[in-house]
Amino acid sequence: MPAPAKFITYIDAHKDAFIARLGEAVAIPSVSGDPSHRPDVIKMSGYIKSLLEPLGVKVELKDVGMEKQPDGSELPLPPVVFGTLGDDPNKKTVLLYAHYDVQPALVSDGWNTDPFKLTPDKEGRLFGRGSTDDKGPLIAWINIVEAHVTQGIELPVNIKFCLEGMEESGSEGLDDLIEKEKDGFFKSCDCVCICDNYWMNDRTPCLTYGVRGMSYYRIIVSGPARDLHSGLFGNTVHEPMTDLILLMSKLVTPSGEIMIPGLDKLVAPLTDSEKKRYETIDFALTDIEEQVGAKIVLSDDKSQVLMGRMRNPSLSLHGIEGAFYGPGAKTVIPAKVQGKFSIRLVPNMTPENVDPLVIKYLYDEFAKLKSKNTLKIENIHAGKAWMADPDHWNYRAAIKATEEVYKKTPDLTREGGSIPVTLTFADVLGLNVLLLPMGRGDDGAHSTNEKLDTFNYIEGTKLLGTYLHEIAVTN
Ligand SMILES: NCC(=O)N[C@@H](Cc1c[nH]cn1)C(=O)O
Ligand SMILES: [Zn+2]
Ligand SMILES: [Zn+2]
């Protein structure tokens, strides 16, 4: 059943108001990974509540406890926002998940505009941290409810919202809450929809039936009791940074191969039918080149590149905490450095079967250095890979909705990023989970100058609303 014309008209007529609302959300710097921004993350939960309650949504802010910091202190975790709208037993109940936290962003990282001020350009691109990941989609769901409630359009389904503020930092507290509430808040849910990933390019919508998992590590090397003068102590003591750089250089080759022995044996074998699926996806190497802004793709083979993102693991080096990085020429020997890297996990890898291989390998490599420094390796957070059955009414409804709004049949894709809660919803609640993206492949999520096109925001809002109408009638 297509969405009523009144709904579509309302979305078009309120474009400017919806952009202004996204601007309000972006202006709250809800960076979950930065303790100094924790009050902003919590403020964001209050902002969402203030939008949902006037629309008749019953909102609960669920406390999920405290987060332990590396120095032993504790920070309150932002609440998970539960929302309920409708309890008609004759309607399906859709669980809508989104996250209201964002990745860090500083102008000095290379932003052309203030990352926390939504800034449109003349092409209609809306720049701002969280515009596409994941405040645009979250606000879109609210816009959809508003359109129905204010226009007197009957919602075709009951809605449950589960909105978290720690997705970018390991979704701490959420799995336990879902387990606790599976026979409570979540009991009546029939399916899940998550709008938190991207098209493969700038032209073809997609539905996504898999995500990679992730294990995020820190390698801590410490030596002297304090930072040292390199003129006085260089070539005199074991330097933590030298050890760390050597260890980090042993993790992944420049062509992307993971150097940790045994990891490749954990990867599910590729079947012929799966291989064929990558050939049919609308995707070109130039799409990646445009998205990253350089001609640096690892392979010339389209299927290899797609498999590298969707069905094979990857290891990325992210940064070094404690290293000197400012301007000037400080001649310091840092006393303690922490190298950060993560591995994107695919079936049949799990944090449990990957961790021992990573840790043993790094200790073995460290032993070869014969350093007197101290090594510690920690898995900071982890989540498993997830795959759904796309032959389900949840997906069929989304295909119909996409065809109605975009006049195109969506590609079926797997996502290279990680949304740990997908697997929890599938396993703990036993529900089909659909990822229905709004943004384009060049949106720059997690990067500088993140954006969401006005076209995708507005048409994506129509898509998500139409999807609700389609699930009501699809079996
Ligand atoms: N849009 C989903 C997303 O960006 N997820 C993050 C999750 C994550 C885990 N640790 C840090 N962030 C991702 O990087 O895939
Ligand atoms: Zn996200
Ligand atoms: Zn993200």
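What you see below is based on every heavy atom in this structure, not just the backbone, and it leaves out hydrogens, waters and symmetry mates.
Using a cutoff of 4.0 Å between basic side-chain nitrogens and carboxylate oxygens, Lys451 and Asp121 are not scored as salt-bridged. In summary, Glu60 and Lys49 do not engage in a salt bridge, as defined by a charged side-chain N under 4.0 Å from a carboxylate O. Contact check on Lys295 versus Glu290 returns no salt bridge, with no Lys/Arg side-chain nitrogen under 4.0 Å from an Asp/Glu carboxylate oxygen. By the 4.0 Å N-to-carboxylate-O rule, Arg311 lies close enough to Glu274 to be salt-bridged with it. For the pair Lys58 and Glu53, the salt-bridge criterion is not met [side-chain N within less than 4.0 Å of a carboxylate O]. Ion pair Lys384/Asp427 not flagged as a salt bridge, since none of the NZ, NE, NH1 or NH2 atoms sits closer than 4.0 Å to an Asp/Glu carboxylate oxygen.
Counting all heavy atoms, side chain and backbone alike, Pro4 lies closest to Ile153 at CG-CG2, 3.6 Å. Nearest heavy-atom pair across Glu404 and Thr466 is OE1-CG2, 3.0 Å. Ile258 approaches Pro313 most closely through the heavy-atom pair CD1-CB, 4.0 Å. The two residues Leu207 and Leu436 have their closest heavy-atom pair at CD2-CD1, 3.4 Å. The shortest non-hydrogen separation linking Asp101 to Gly165 is CB-O, 3.1 Å. Pairing each heavy atom of Phe7 with each of Gly465, the nearest pair is CZ-CA, 3.6 Å.
Tyr97 places none of its side-chain heavy atoms less than 4.5 Å from the side chain of Pro137. Residues Arg125 and Pro120 form no side-chain contact, since every pair of their non-hydrogen atoms from C-beta on lies 4.5 Å or further apart.
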Original post:
Can you check side-chain contact (heavy atoms from CB on, under 4.5 Å) on Trp199 and Asn456, steps first, answer last?
Top reply: CA-CA 10 Å; Trp199 299 354; Asn456 284 60; 3.5 Å; yes
**OP:** I would like to know whether Asp453 and Asp443 meet side-chain contact (heavy atoms from CB on, under 4.5 Å); could you show each step before the answer?
**Re:** CA-CA 8 Å; Asp453 292 75; Asp443 280 355; 3.8 Å; yes
Subject >> Chi angles and distances behind the side chain to side chain donor-acceptor pair (under 3.5 Å) call for Asn158, Asp87 >> reply: CA-CA 6 Å; Asn158 304 313; Asp87 59 357; over 6 Å; no
Subject >> Check against ring-ring contact (aromatic ring centres under 6.0 Å, His included), Phe82 and Phe186 >> reply: CA-CA 10 Å; Phe82 276 0; Phe186 297 105; 5.4 Å; yes
Subject >> Residue pair Asp40, His37: steps toward the side chain to side chain donor-acceptor pair (under 3.5 Å) verdict >> reply: CA-CA 5 Å; Asp40 295 311; His37 278 299; 2.8 Å; yes
**OP:** Evaluate the criterion side-chain contact (heavy atoms from CB on, under 4.5 Å) for residue pair Val305 and Ile288; output intermediate values, then yes/no.
**Re:** CA-CA 9 Å; Val305 173; Ile288 295 272; 4.3 Å; yes
**OP:** Quick one: do Asn197 and Glu415 satisfy side chain to side chain donor-acceptor pair (under 3.5 Å)? Show the steps, please.
**Re:** CA-CA 7 Å; Asn197 68 307; Glu415 172 67 43; 3.0 Å; yes
**OP:** Output, in order, the C-alpha distance, side-chain angles, deciding distance and verdict of side chain to side chain donor-acceptor pair (under 3.5 Å) for Glu450 and Thr132.
**Re:** CA-CA 7 Å; Glu450 175 182 348; Thr132 194; 5.3 Å; no
**OP:** Evaluate side-chain contact (heavy atoms from CB on, under 4.5 Å) for Gln69 paired with Glu74, printing each intermediate quantity in order.
**Re:** CA-CA 6 Å; Gln69 300 299 296; Glu74 290 196 324; over 6 Å; no
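A donor-acceptor distance shorter than 3.5 angstrom exists from the side chain of Thr454 to the backbone of Gly124, with no hydrogens or angles considered. Formation of a donor-acceptor pair under 3.5 Å by the Ser131 side chain with backbone atoms of Phe127 is not found in this model. No donor-acceptor pair under 3.5 Å is formed between the side chain of Lys340 and the backbone N or O of Gly319. Under a 3.5 Å cut-off, the side chain of Glu181 and the backbone N or O of Phe185 do form a donor-acceptor pair. Formation of a donor-acceptor pair under 3.5 Å by the Ser418 side chain with backbone atoms of Pro420 is not found in this model. Within the 3.5 Å criterion, the main-chain N or O of Arg309 finds a donor-acceptor partner in the side chain of Arg212. In this structure, the side chain of Lys92 engages the main chain of Ile471 through a donor-acceptor pair within 3.5 Å.
Once rounded to the nearest 0.5 Å, the distance linking CD of Gln151 with CD1 of Ile11 reads 9.5 Å. Note that the CD1 atom of Ile28 and the OH atom of Tyr100 stand 11.0 Å from one another [nearest 0.5 Å]. In this structure, CG on Asn143 lies 10.0 Å from CG on Leu138, to the nearest 0.5 angstrom. Here the CE atom belonging to Met310 is positioned 11.0 Å from the CZ atom belonging to Arg277, to the nearest 0.5 angstrom. For the atom pair Arg21 CZ and His14 NE2, the distance stands at 9.0 Å (nearest 0.5 Å). Atom CG of residue Leu431 and atom OG1 of residue Thr424 lie 12.0 Å apart, to the nearest 0.5 angstrom.
Considering Leu96, Leu51, Leu55, Leu468 in turn, Leu55 is the only one that fulfils the side chain to side chain contact (heavy atoms under 4.5 Å, CB included) rule with Val145. Screening Val81, Ile42, Leu163 for a side chain to side chain contact (heavy atoms under 4.5 Å, CB included) involving Leu61 leaves a single residue, Val81. Exactly one residue among Leu22, Ile19, Leu118 makes a side chain to side chain contact (heavy atoms under 4.5 Å, CB included) with Leu452. That residue is Leu22.
With sequence neighbours excluded, no residue forms a salt bridge (charged side-chain N to carboxylate O under 4.0 Å, His left out) with Asp183. Checked against side-chain contact (heavy atoms from CB on, under 4.5 Å), Phe455 has the following partners two or more places apart in sequence or in another chain: Tyr406, Arg440, Glu459.
Thr208 and Thr413 share a donor-acceptor pair across their side chains, judged by distance under 3.5 Å alone. Asp389 and Tyr395 form no side-chain donor-acceptor contact under 3.5 Å, judged by distance and modelled atom types alone. For the residue pair Asp34 and Ser36, a side-chain donor N or O sits within less than 3.5 Å of a side-chain acceptor on the partner. Side-chain atoms of Tyr467 and Asn394 form a donor-acceptor pair, as typed in the model, at a separation below 3.5 Å. Lys135 and Ser30 share a side-chain donor-acceptor pair at under 3.5 Å. Residues Glu164 and Ser171 have side chains that bring a donor and an acceptor to within less than 3.5 angstrom of each other. If you check the side chains of Ser32 and Glu167, you find no donor sitting under 3.5 Å from an acceptor. In this structure, a donor-acceptor pair under 3.5 Å is present between the side chains of His99 and Asp133.
Between Tyr216 and His318, the ring center distance clears the sub-6.0 Å criterion.
Cation-pi geometry between Lys302 and Tyr278 is not met at under 6.0 angstrom from the ring centre and within 45 degrees of the axis.
Counting heavy-atom neighbours within 6.0 Å of Lys408 NZ, excluding the residue itself, gives a total above 12.
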